[in-house]
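Below is one structure; the comments refer to it alone.
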Amino acid sequence: MTETKEQTLIQSMEGDQESARILSEYLGYKIGKNPVDPEGDTRIFFTDTDNGQNIAVVAVLPLPELTTSSTTVDVRKLYEKVIEIKDNKLSVDFTVPVIGFIGKKRLVFFKTVGGNRDTRLDLNPATIDKDLYIRNLSYLKNESIVVETSPFGFGAEAKVNDGAFRRELSSGFLTMVSMYRKKLSEWITASDLKNQLYDLVDDKAKFYIKRRDINSLAQNESYKSVLSTVVDTISLRQLMRRFLEGYYGADSFNVNGIALGVGSGTLDEAIERAVTIARNMGEEKKIKKINREKAPIEQLDLFNLGFTDEELNVTSRVEVKKGQGDYIADLSKKANEQFRLAYGGDLFAGSIGKVATKIDYELAKHNKIDWVKPYIDTKAGNYSFRFEDMPPEAIEKQYEDSMSQNVQIAFNKEKNKPEVFFGDDEVEQKNKGAYYTDQRFVNYMVNQTVAPEFQKRFQAISKAVKGGKAEEIDRTIKHLLNLKIADFSCGGGSFLRGAFLKLADQFQLLNSLDYPEKIKNKYNFLDGSADSQYQWEDYVLKHMIYGVDIDYKAVIIASLTLTLSTLQHKPKNTKLPQLIGRTLIHQNSLINAVPYYRREEVFAKYKDDIARLRKLKFTDFNQFIKLRDKLTDKVIPEAGDVANYADFLKIGCIEFALPEIYFNEDGSLNIHGGMDIVIGNPPWDKWKSNSDEFFSQYDERYRGLPNKRAKVELEEKIIAKMPIVAEKWHDEQGRIKAGSKYYRLNDNFRYQSWKINGRTKSSDLNLYRLSLERFTQLARKDASFSVLVQDDFAMGDGSTGVRHLVFDNYQIDEFLSFENRKGIFTAVHRSYKFAVLSFKGRKSSTEKKGFNVFFYRHSIEDLNKNDIKLFYPFKVLLNMEPDTYAMFEATSKDLFELIKKIDSRYPAIRNSNIIQFKREFDKNLKSTHLINLDSKPNLIPVAEGRYYNQFKFMRSKLKYGLPIEYVKNKVKEDLNEYQVSVRRIASSTNQRTLIASLIPPLIT
């Protein structure tokens, strides 16, 4: 086979200056010395502009010690050299977007700005023939570079397409994984493997398991949740093992004499030794079609599982070699035991871990082919990536995908019976708010909060070191170590990982100070030892980063995401951390067992037990869990009616889960306790039952029916065929009602509505508003926040309360809003609007006079463009909306300045007698008085909002009226006048926030 240009390039790399010249020619650049350090070994690749100006694009450094034998750990450590080059070999006036290292038959490139140790392109003989890597390399060529000139006269700079560093699990791989997750869910549900889940599910599910009632079982929320978590645990173990084999080598699993029998080979190699394989990777579109198919699941014998003909046609054919049957079962046992002993971690913790191990072994023992095939067909060699090159967020992305995949049941109108299947579950994804957050949001929001707080605490340490007093140095270091960062709706852990990396990267800065020996000896991350950086990162991970989520799968993914982020400096022989239950909490963060405003009263009853709980967390974790659960059971009734749904809603006591944060050593409530920084992307949905979403799960026709009567008829048919649906709908309505009552109680939340002149400003409960208030409850009064919220925060009536919460109690820094028109969130409606809201506690008397804003932007890159941000003075906000604090959303500087000028020159309409706005009649409140216009004469037509649009009134469509005397008593002489009618609309998908029309006389 003819060698490609890319293969020739890699083979010619020798880690010297001649290699740099060859690389520059391949990429199409001029090569020159570094003007900042002309005598050094760094070389610069320049691109030409139209005016002949040379613009720097890539800085390269020959490194002959970088070879094909260099491990992933070695490659990640190169990022330290990136920081060194940025700090010492470049300057403010001369920088580059990419830094590369030239080794022997190896090239590694890093993104200079906005990147980290995982934002890299690693080219070597094993990757250079893969499409993903070749495509990424093409983005580094001169022909792909864009040169932008600053409009403010700061010169020109080169822009490199982010595609150069794109590394993700391919869609083909994820589609195949989805198929095997589907198969494993079917196998467990259809066979006696489901008996292994018995102790993990609720009483109803236990009953269905005993009766082998699959139809009822597959509709049981407890069973579906546990099944999904177990399936994903098994799947993620396969993925995580491959990551770790890539990072450390397969021999790192050979512990305590437990080997797989293939020397230092991988688990994939051990499996292939025992089977004969006829590889057959079907087309991705065919596999996707199979994944969407709805097929009944019937009770099967564990020995008779297997695949359909369609599935066999798109997967590899596998046969177990003669005499290797027992070897396969033994391999499952050894592989899991190896993983548990060598690395441990949260994938093997708790009852879920034990059940996953048992099911994996039983499947390997009784259905060897079914156990082997997922490994064969998801091997990285089949796809365009290597596991060791994948960033931790690749696992998080798989979590997002898995959240829209679940065991479901639907009503088949042709077959007149229910079907159980595994596939898209948008309701599940929406309910849990599981939407992947773009890394650029994460980076920006971390830089708004974590970076400045670290700098402030580091400056205090630096000042103390200069002062020379060991006691003061020790105090300031302890203040830094006490920094607590949380995401209370953490999902797959993207914000937690961003915060971790930001702090981990401060190790060099932290160690740049000249500490006394006494201090170095006290803190192992300052002692200069070989593992000092690992000690720093281990402390950050275990004591400074906290996450909470209602979904156990999310907590597992967050744990793996964080764990993978720590591998760079982690010694080979140390176990993975167990974070779940310690710093990652599986719980509902919005509904707490103990009402926030009754905490002192309730917790005082358990002071001695809480003191013991706080101590046990760091001395005996198993006993801590037992006491935590015991105390939680005691206080659950304090939540009120919603406590009846504690298991389903995952209600617990966040203070008991994190006693080191919220209690003093003597067990008393720490009234000043809480997080220092809160970041995240909480769910944005309304808290209300939705019949369209609920019943569409059972019959897709439901949502499209024309009226309520047709929907009720279909509901009755669905329930007649599946009586359990009525019970589920009743339970859902009960949960919503109980939750609403909890959220409306003054003991729990006080900013979800707001009274102005005796009139309450409120709307449907929205989870983002509840989250915003709850986050402030769980944080210190001087904490910093950066949260993704609905744009409705700016001016929605229902957000009046939370605006008062933020503006009256905190210093708001920025409100930067976006439209989703270009699919920033791919799983969210394109007309949705959302914003980054950043604010912090008021820590000094020198407060800012306003805050930065922009509205309805379409590109995430705008976050870092300070020149397009508008300064919104508090004075303007208070002048225009002194009661509601509603912002005006100007989309340009000119419009913004015009509105400010109008506001400064003319009084507000509300302060004049020119016009008065009032609500005359409400159809919902006065429906008993409404009369059909065709049924009686002399009625005054009632103009419903839906019958007028901007400047257009549709009089002919009015349907209802009221008796003239009844209207006169309420409206008086206004009935005979023209009226300006205002229809306020401000949902996240509306094009306008207000519609007005002129209403003629004798209409109300």
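As the structure is a computational prediction, the values presented were derived from the model and not from experiment.
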Donor-acceptor side-chain pairing of [X] and [Y] below 3.5 angstrom:
X	Y	value
Tyr444	Glu814	yes
Ser799	Arg769	yes
Asn161	Ser144	no
Ser763	Asp797	no
Arg166	Thr119	no
Asp813	Gln448	no

So, for [X] and [Y], which heavy atoms are closest and what is the spacing to 0.1 Å?
X	Y	value
Met544	Leu481	CG-O, 4.0 Å
Asn447	Lys502	OD1-NZ, 2.8 Å
Met445	Leu788	CE-N, 3.7 Å
Tyr810	Thr776	OH-CB, 3.4 Å
Lys900	Pro873	CD-CD, 4.2 Å
Thr561	Gly492	OG1-O, 3.0 Å

Measure centre to centre between the rings of [X] and [Y], then say whether the value is under 6.0 Å.
X	Y	result
Phe851	Phe871	no
Tyr768	Phe793	no
Phe896	Phe888	yes
His858	Phe818	no
Phe775	Phe785	no

Which is it for Asp808 and Arg803 under the salt bridge (charged side-chain N to carboxylate O under 4.0 Å, His left out) test, yes or no, and what are the steps along the way?
CA-CA 8 Å; Asp808 291 345; Arg803 283 198 298 273; over 6 Å; no
Show, in sequence, the C-alpha distance, side-chain angles and deciding distance for Tyr29 and Phe46, and conclude whether the ring-ring contact (aromatic ring centres under 6.0 Å, His included) test is met.
CA-CA 6 Å; Tyr29 295 108; Phe46 295 95; 9.2 Å; no
Apply ring-ring contact (aromatic ring centres under 6.0 Å, His included) to His804 and Tyr751, showing your working.
CA-CA 8 Å; His804 272 273; Tyr751 291 92; 8.3 Å; no
Run the numbers on Phe110 and Tyr79 for ring-ring contact (aromatic ring centres under 6.0 Å, His included), then give the verdict.
CA-CA 7 Å; Phe110 289 91; Tyr79 192 69; 5.7 Å; yes
Of Ile661, Ile485, Asp487, the residue whose pairing with Tyr546 passes side-chain contact (heavy atoms from CB on, under 4.5 Å):
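That would be Ile661.
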Check side-chain hydrogen bond (donor to acceptor under 3.5 Å, both in side chains) between Gln459 and all other residues, then give those that pass, not counting sequence neighbours.
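Counting only residues at least two positions away or on another chain, Gln459 forms no side-chain hydrogen bond (donor to acceptor under 3.5 Å, both in side chains).
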